[in-house]
Amino acid sequence: MSFPLLTATAALPAIGAIATAAVPAARRTAAKWLALLFSLGTLVLAAVVFLRFEPGGDRYQLTESRAWIADFGVRYELGVDGIGVALLGLTALLIPFVIVAAWHDADPLETKSTRWRPTQGFFALILMVEAMVILSFVATDVFLFYILFEAMLIPMYFLIGGFGDRAHAGSDESAATQRSYAAVKFLLYNLAGGLIMLAAVIGLYVVAGSFSLSEIAEARANGSLEMATSTERWLFLGFFFAFAVKAPLWPLHTWLPNAMGEATAPVAVLITAIVDKVGTFAMLRFCLGLFPEASKWATPVVITLALISIVYGALLAVGQRDIKRLIAYASISHFGFIVLGIFAMTSQGQSGATLYMVNHGISTAALLLVAGFLITRRGSRLIADYGGVQKVAPVLAGTFLIGGLATLSLPGLAPFVSEFLVLVGTFSAYPVAGIIATSGIVLAALYVLVLYQRTMTGPVQESVRSMPDLRARELAVAVPLIAVLIFLGVFPKPLTEVVNPAVEHTMSDVQKKDPKPEVEAAK
């Protein structure tokens with residue numbers, strides 16, 4: 001038997017979580033270093049997966065299959081395609097930066113309401129989320145994916161509710177109430193989506209007789225799987241609803257601003273740059289792969305929801321007074337672009353959507369983590385409490401600007417390539433939708449540049465006059481992320497060559513071909 005590389009890649013952070021949690025309470029620094037070492041080890045294994053993946057090879061590679069719950073046809077089946085390997089790499093890349101950025105976020109805090117903060121538990125929860133997300137990107141058994149899809153909510157709930165942002169305008173009691181509200185709202189929304197998905201998972205098994213993606217695909221290919229149109233549509237809706245909550249897509253988005261606002265900046269990165277990608281990834285793998293006809297049937301409605309997300313999220317970002325909530329609404333707009341690219345049903349759109357998942361994760365991590373460093377110094381999330389920061393902390397302001405420019409998809413930075421492909425793919429199939437989506441670009445420039453103007457330029461406010469610039473640990477977070485944004489902005493080939501073959505398989509699933517451009521004959 002070959003070495004189970006995918007299992008090892010997911011198991012290493014899980015083992016790290018257990019080891020970190022077991023570190024004695026007095027040795028907090030040792031727990032941090034241990035968590036970082038395990039995350040770096042996971043990154044090495046993810047790099048091996050990326051290097052061993054053959055873009056022109058089988059659809060699912062490095063496969064593993066073992067009996068799990070035999071009586072119900074559930075197997076432990078893993079396999080990675082080009083889309084999964086790109087998102088696995090994103091997860092493994094970002095977690096070490098999240099840990100370094102959160103180095104002091106769970107240190108003991110003496111207040112009226114909180115006497116201690118379990119540092120070991122905080123970093124153990126981060127590693128546990130990483131393990132579950134990685135497994136979800138490589139699971140090829142629908143039931144196994146569902147278990148992971150739901151289980152990752154538990155550590156995320158405690159990360160949001162138990163380790164909230166210290167820069168809260170109210171009292172300690174008020175801050176605890178807001179964190180609790182945000183955590184419960186996050187949990188209830190995602191549990192509701194998961195329960196509906198569970199009904200659809202059971203329905204799929206009744207119809208197909210299997211949870212295995214490969215077996216279902218084989219049955220469809222040889223004609224032994226017959227699914228009534230109404231049945232396929234209902235099952236599609238059950239899956240899509242859960243993924244639209246996780247993504248999140250309007251109007252199921254309202255939990256995200258609360259969760260990101262109350263969480264620490266590194267945990268907010270964990271939410272929007274990593275965990276939420278499971279939703280959009282699953283739309284490609286499960287909605288389009290399992291229910292191709294229903295996906296085409298739902299396309300007009302889904303595209304409409306995506307366009308509303310793009311415009312609505314961007315408009316609300318423009319009007320925000322809270323830095324982290326602004327970034328949260330911007331992310332809702334960006335997820336609209338991702339869903340738009342997926343359901344445009346063109347190779348450019350779906351390639352762009354996959355690249356958007358990766359590039360949005362990196363750019364949002366850069367912007368949010370630097371914003372977190374800024375908020376920690378001032379102790380406030382309100383935009384109005386800043387001004388003139390670039391004069392006292394120019395490196396902080398510069399990295400914040402680059403993260404913001406990446407968010408608005410400036411040419412030369414990674415998100416531009418993905419947003420351009422999404423728009424090209426949408427224009428070729430749905431010109432009106434493409435035109436409407438471009439308004440999101442204009443609004444993105446508005447909320448990013450206004451945010452920078454209000455916080456970094458102008459007269460130096462007294463409250464930021466003594467603000468220190470980025471320290472070595474913070475530079476170790478910001479500089480590599482910016483370097484990756486620039487590298488993938490000018491040379492996206494390492495991603496596109498692994499993503500494009502997977503997109504071709506997805507296009508084949510839904511039996512769609514790119515529309516031919518209408519070229520008027522030369523006279």
Side-chain angles (χ1 to χ4, degrees), residues 13 16 20 28-29 31-44 46-47 89-107 119 122-123 125-127 129-130 133 159 163 165-167 260 263-275 323-324 327 331 358-378 381 389-390 393-407 413-415 452 455-456 467-489:
T20 302
R28 294 188 303 275
T29 302
K32 297 174 185 178
W33 280 106
L34 187 63
L36 179 60
L37 287 174
F38 272 99
S39 69
L40 291 173
T42 305
L43 178 58
V44 171
L90 170 70
T91 304
L93 174 67
L94 291 184
I95 292 296
F97 295 110
V98 167
I99 290 174
V100 174
W103 202 252
H104 298 298
D105 285 358
D107 287 348
T119 305
F122 177 76
F123 290 100
L125 289 171
I126 292 175
L127 290 175
V129 171
E130 179 181 23
V133 170
L159 285 169
F163 301 91
D165 193 349
R166 297 178 181 179
M260 287 182 62
T264 64
V267 172
V269 169
L270 202 61
I271 296 169
T272 191
I274 297 175
V275 172
I323 295 174
K324 290 203 297 182
I327 298 173
S331 291
V358 177
N359 294 333
H360 170 264
I362 300 169
S363 62
T364 299
L367 181 61
L368 251 178
L369 294 179
V370 175
F373 300 148
L374 177 69
I375 292 168
T376 299
R377 284 161 164 74
R378 174 63 178 81
R381 307 195 310 246
V389 174
Q390 68 178 10
V395 177
L396 189 156
T399 53
F400 188 82
L401 177 61
I402 296 174
L405 293 176
T407 299
L413 297 174
Y452 184 83
T455 55
M456 301 297 168
M467 179 178 289
D469 214 334
L470 292 183
R471 303 179 178 92
R473 174 180 63 86
E474 296 163 335
L475 286 171
V477 172
V479 172
L481 289 174
I482 290 172
V484 173
L485 286 172
I486 296 172
F487 174 78
L488 292 178

Self-check item: Contacts of type side-chain contact (heavy atoms from CB on, under 4.5 Å), residue Leu374, not counting sequence neighbours
Solution: Ile323, Tyr386, Val389, Leu396, Met456, Met467
Quiz item: Would you say Phe373 and Val477 make side-chain contact, with heavy atoms under 4.5 Å?
Solution: yes
Quiz item: Are Pro415 and Thr407 close enough that some pair of their side-chain heavy atoms sits under 4.5 Å apart?
Solution: no
Practice problem: Over 60° means perpendicular and under 30° means parallel, so classify the ring planes of Trp33 and Trp103, tilted if in between. | Solution: perpendicular
Quiz item: Taking all non-hydrogen atoms of both residues, which atom of Leu93 and which atom of Phe97 are closest, and how far apart?
Solution: O-CD1, 3.1 Å
Quiz prompt | Check: Val100 main-chain N/O paired with Arg473 side-chain donor or acceptor under 3.5 Å | solution = yes
Quiz prompt | Student check: side-chain heavy atoms of Leu481 and Thr399 closer than 4.5 Å | solution = no
Going by atom type alone, with no hydrogens or angles, which donor-acceptor pairs under 3.5 Å involve a side-chain atom of residues 362-371 and a protein atom two or more places apart or on another chain?
from   : atom 1 : to     : atom 2 : distance (Å)
Ser363 : OG     : Asn359 : O      : 3.0
Ser363 : OG     : His360 : O      : 3.3
Thr364 : OG1    : His360 : O      : 2.8
Thr364 : OG1    : His360 : NE2    : 3.0

Practice problem: Determine the minimum heavy-atom distance between Arg377 and Pro468, stating which atoms define it. | Solution: NE-O, 2.8 Å
Quiz item: Hey, are the side chains of Val129 and Leu270 touching, using non-hydrogen atoms and a 4.5 Å cut-off?
Solution: yes
Quiz item: Do Arg28 side-chain atoms and His104 backbone N/O form a donor-acceptor pair below 3.5 Å?
Solution: no
Self-check item: With Phe122 via ring pair (Phe, Tyr, Trp, His ring centres under 6.0 Å) - residues at least two apart
Solution: Phe163
Quiz item: Does the side chain of Asp105 come within less than 4.5 Å of Pro266's, by heavy atoms?
Solution: yes
Quiz item: So which heavy atom on Val133 is nearest to which on Ile274, and how close?
Solution: CG1-CG2, 3.8 Å
Practice problem: Might you point out which heavy atoms bring Arg381 and Ile375 nearest each other, and give the distance in Å? | Solution: CG-CG2, 4.0 Å
Quiz item: Under the 3.5 angstrom rule, does the side chain of Lys32 hit a backbone N or O of Thr119 as a donor-acceptor pair?
Solution: no
